[in-house]
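No hydrogens, no waters, no symmetry mates; every other heavy atom, side chains included, goes into these values. Proteins come first, then strands; the chains are lettered A, B, ... in the order of their sequence lines, and each starts at number 1.
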Protein chains: 2
Amino acid sequence: MAVTEICVDCAVRDQALCGSLTDAELGALNRLGRRQTIARGETVIWAGDESIICGNLLEGVLKLSASSSDGREQIVGLLYPADFVGRPYADDADFTVTALTDAELCVFPRKTFEGLLEDHVRMERLLLQRTFAALGEARSRMLMLARSSAEERVASFLLGMADRAGSASCRAMPDGPVTFDLPLTRGQVADVLGLTIETVSRQMTKLKAAGVISLPGGRAVTLRDRDALRARAEAAS
Amino acid sequence: MAVTEICVDCAVRDQALCGSLTDAELGALNRLGRRQTIARGETVIWAGDESIICGNLLEGVLKLSASSSDGREQIVGLLYPADFVGRPYADDADFTVTALTDAELCVFPRKTFEGLLEDHVRMERLLLQRTFAALGEARSRMLMLARSSAEERVASFLLGMADRAGSASCRAMPDGPVTFDLPLTRGQVADVLGLTIETVSRQMTKLKAAGVISLPGGRAVTLRDRDALRARAEAAS
DNA sequence: CGGGCCATTGAGAGTCGTCAACGACTGTGG
DNA sequence: CCACAGTCGTTGACGACTCTCAATGGCCCG
């Protein structure tokens, strides 16, 4: 069977929604979608605009953000490779999607994608499951945003980012020191955690002073004492 | 055609997921589900427990709540009649579901319900759409919880509750004074808004003092000046 | 070398949480 | 019928946490 052009080198083919499709089905997909590269800082979808595209993230990190009329912003979700992007079955996009790093997407016109869902029930079911997972995650974050202190937020954020980075460079020792780069600026971390830049910075230096983490420079972070960090995360998930 | 026993007097039949089914399909449903009544304060689903049931809310108001290990609680969603309850395709329940008023549910064993979804694609699609809607709502609340002041939260909460209550007693004048009963105690309002009882109470009396609302007694609220309330809600959805 | 952007640090102020007291209302039992 | 406890809501005093404003220094790039 001829392999599809687009999908053949897809880095996330078996983790994304398309993993539910057969090779034959992928061939059809190939004709409908296209690759799209995005530079860091570029916005793919604007909240309030017509919901035109859906797709999968292949590479990079995207932010999903909401903002109020007077400019206050909140990042309501981060998207990583293999995550689904977009809002099927709605005329308008709810949130703004912006690239935090250079990124690559595999996109479909929304209507086309809805047709795909209808033709491929397994894919629709997978999307339903993912949407439930995203809903659960969003609700967990509501607890954090509403009830956690700044220290708890920063600590649990670092633990979460370490899990994500750690799985990539999968290490043998689960509790030894880990070093990784945050894909976010302090300002973006603040937008995720519902804090200000200054508060995030202060909490980071506080954790450093306590010997729980190190800040080698740039956006690198080293977790020195994960248990201590977990203790400070308390309320978080 | 013989009408089904359970579904025939269902108050939300055409608004809930079942609205997508034919009469024949409803007949099958009838054998699988059952009615369940819940007293105010009773908990239907405990976070962390096995996810056993799914269903539709027929009557009453339920809260969906998350709590941290040390007891801090946050209401992450409110459920009204015709809303879907439960978490298909997951072994454990993510959140606790508790009745705020006496309530009535139409429930199915989770596995049974998953089978229903597979057999009735239109229902599955409807559930997907609702889940996306719930996700959007949860994310909007994240903005509120992270960035709004106490006054903004209370004002937008009152506007939201008025919309909900107002549609029931559908009035001709869209901006005249409305009176309605909150189905929540001050403590529960605080849990929804991520505040404390005292702060909610103070904001309410502040709005009353400003002539924006009245508090006739009990849990009744009268909106006197909706525009002023909207102005104070600002950042909210 | 100068201009941005980013991160850190300090000082001060404001909002909201905590603790506490009190009144209204309800249901219970003597 | 009344004392009583329990729940709910309000109000006050106080303090802590976080935001705001401001200054500084590092780093990268033109």
Does CD belonging to A/E59 count more than 12 external heavy atoms closer than 6.0 Å?
-> no
Under 3.5 Å, is there a donor-acceptor pair linking the side chains of B/R224 and B/S214?
-> yes
Residue pair B/R232 / B/V212: nearest heavy atoms and the distance that separates them = NE-CG2, 3.9 Å
C/dA7 phosphate, OP1 or OP2: any side-chain N/O from A/R219 under 4.0 angstrom?
-> yes
Figure out the CG/C1' separation between A/D191 and C/dC6, and round it to whole Å.
-> 14 Å
Figure out the CD1/P separation between B/I197 and D/dT7, and round it to whole Å.
-> 12 Å
Any side-chain N or O of B/T205 under 4.0 Å from OP1/OP2 of D/dT11?
-> yes
Rounded distance (Å) that lies between atom P of C/dG14 and atom NZ of B/K206 = 14 Å
How close or far is atom C1' of C/dC6 from atom CD of A/Q188, stated in whole angstroms?
-> 11 Å
Who pairs with B/T37 by side-chain contact (heavy atoms from CB on, under 4.5 Å), at least two apart in sequence or on another chain?
-> B/E104
Do nucleotides 18-30 of chain D as a string where each nucleotide becomes B, S or -: B if the base has a protein heavy atom under 4.0 Å, S if just the sugar-phosphate does, - if no protein is that close.
-> SSBBB--------
If you look at every heavy atom in B/A99 and B/I38, which pair is closest and at what distance?
-> CB-CG2, 3.8 Å
When the distance from CG of A/L207 to C1' of C/dT9 is rounded to whole Å, what number comes out?
-> 16 Å
Got a sec: does the CZ of B/R40 have more than 12 other heavy atoms crowding it under 6.0 Å?
-> no
Return the value, rounded to whole Å, for the distance between atom CG of B/L145 and atom P of C/dG17.
-> 12 Å
Would you mind reading off the distance between A/L182 atom CG and C/dC6 atom P, rounded to a whole angstrom?
-> 15 Å
Measure the distance from CG on B/L193 to C1' on C/dC16 and round it to the nearest whole Å.
-> 14 Å
